[in-house]
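Atoms within each ligand, like the ligands themselves, are counted from 1 in listed order.
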Amino acid sequence: MLKFMLPSLLIVCFTLQASLTQAAVPQADSFGKTKNGTPVDIFTLQNDHGMKVRVMTRGATITNIHVPDKDGTVADVVLGFDDVEGYESEGNQYFGCTAGRVANRIAEGKFTLNNRTYQLAINNEPNHLHGGVERSLDKVVWSAKAFDSKEDQGVVMHYVSPHGEEGYPGTLSCTVKFTLSKISNELEIDYLATTDQATPINLTNHSYFNLAGEGSETVLDHELTLHCDNYTPVDETLIPTGKFAEVKETPIDFRTPHIIGERVKKYDDAATIGYDHNLVINGEAGKLRPAAILKDPSSGRTLTVSTDQPGVQFYSGNFLEGQKGKGGKAYPHRSAICLETQFFPDSINQPNFPSTVLEPGNKYTHQCVLSFAN
Ligand code: GLA
């Protein structure tokens, strides 16, 4: 009898194991369609430590990051919307997206490369911001493939930007991999890009964090540490002057922890209208090192941002204006901050800054790790 049962038992076991493995790979769920009718998928990554991350294919965008506080209460700590329509609305100020091809500003949208001058869209008078208008990387729909392993699970997003898209030279092939650890509450973002013509590149994730939970009134009560001794001062239009300055004895000195609200008002009348500074991360670019630690004293939630990039743009949500986000919650002025790891702004026009030019045959890579604790 056993002789006959054994093969079918084995089949049952194998099928069960196969379906278990299958079930662990995050599935693509529909998140709706863009106004042009392109379907948008969303993936949910989850671990056993209370962390859940959702990423959608429009703009390779992080829509949700749920993390526990000191009492185990879980909250979503990033701003966003409940549907594609929200992300396509005026109220979307790059929430959670992958910004590029060149995140941050390019002076007057102009640069010269290999004796050719390129003119990009001016979408942040008088400059170019975050890759352009219609076809910047945050607005296009990426393809996606999820994965699962013993230590982590994630999704790899891919997009090929044709030569000339948004005025940039070269066919740019971009991959962004989002990996949630099963061991700790850590989300890693890895970028990879190649080109067939020399082209500037600077990708970043533009998540807005409020560790008390998105929709909380303010982020000014959070405590911030920046492992940055220097920053790049800017002109009236937020383009770097090309000089480096010490943070020492300025309101942007976060070398020791400070509450964000303590000194932000000192920049109320500056061109940045609050914190909107690119800081030079201490240590060697190209190596993963901590750049910033953000802590919400009331919930105990802490975020450490580590990267191999030269800089981090610390933006204190100065342009948030009370737009309605997830669950109809309002996102007022300075109710979230961005910590965008990247090259320095306007690097393509700044001979003093590390080069953002990607040559054919080379690889652009960028690693960013968001580690949550409570
Ligand atoms: C970046 C810029 C800010 C602002 C936001 C988007 O962080 O530095 O000035 O444009 O993006 O609103």
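The nearest protein atom to atom 7 (O) of ligand 1, hydrogens excluded, is given as Glu340 OE2, 2.7 Å; this is a heavy-atom distance.
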Practice task
Could you give me the CA-CA distance, side-chain angles and deciding distance for Ser306 and Arg289, then say whether side chain to side chain donor-acceptor pair (under 3.5 Å) is met?
Solution key: CA-CA 5 Å; Ser306 305; Arg289 66 230 188 275; over 6 Å; no

Practice task
Please test Thr232 against Asn278 for side chain to side chain donor-acceptor pair (under 3.5 Å), starting from the C-alpha separation and ending with a verdict.
Solution key: CA-CA 6 Å; Thr232 54; Asn278 169 66; 2.9 Å; yes

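Of all atoms in ligand 1, numbered sequentially from 1 with element shown, those under 4.0 Å from a heavy atom of Arg105 are 2 (C), 3 (C), 8 (O), 9 (O), 10 (O). Listed by atom number, the atoms of ligand 1 under 4.0 Å from Tyr208 heavy atoms are 6 (C), 12 (O). Ligand-side atoms of ligand 1 in range of His130: 1 (C), 11 (O), range being under 4.0 angstrom from any heavy atom. When each atom of ligand 1 is checked for a heavy atom of Leu129 under 4.0 Å away, the hits are 10 (O).
In this model, a donor atom of one side chain and an acceptor atom of the other lie less than 3.5 Å apart for Asp346 and Gln350. Checking His366 against Thr341 by side-chain atom types alone, a donor-acceptor pair falls below 3.5 Å.
Counting heavy atoms under 4.0 Å from ligand 1, residue Asn318 does not touch it at all.
Where the criterion is an N or O separation shorter than 3.5 Å, residue side chain and backbone included, Asn104 fails it with respect to ligand 1.
When the options Asp276, Asn123, Leu320 are ranked by their closest heavy atom to atom 3 (C) of ligand 1, first place goes to Asp276.
When all heavy atoms of Pro233 and Lys243 are compared, the pair lying nearest together is CD-O, 3.2 Å.
Judged by the 6.0 Å distance and 45° axis criteria, Lys145 is not positioned over the aromatic ring of Phe43.
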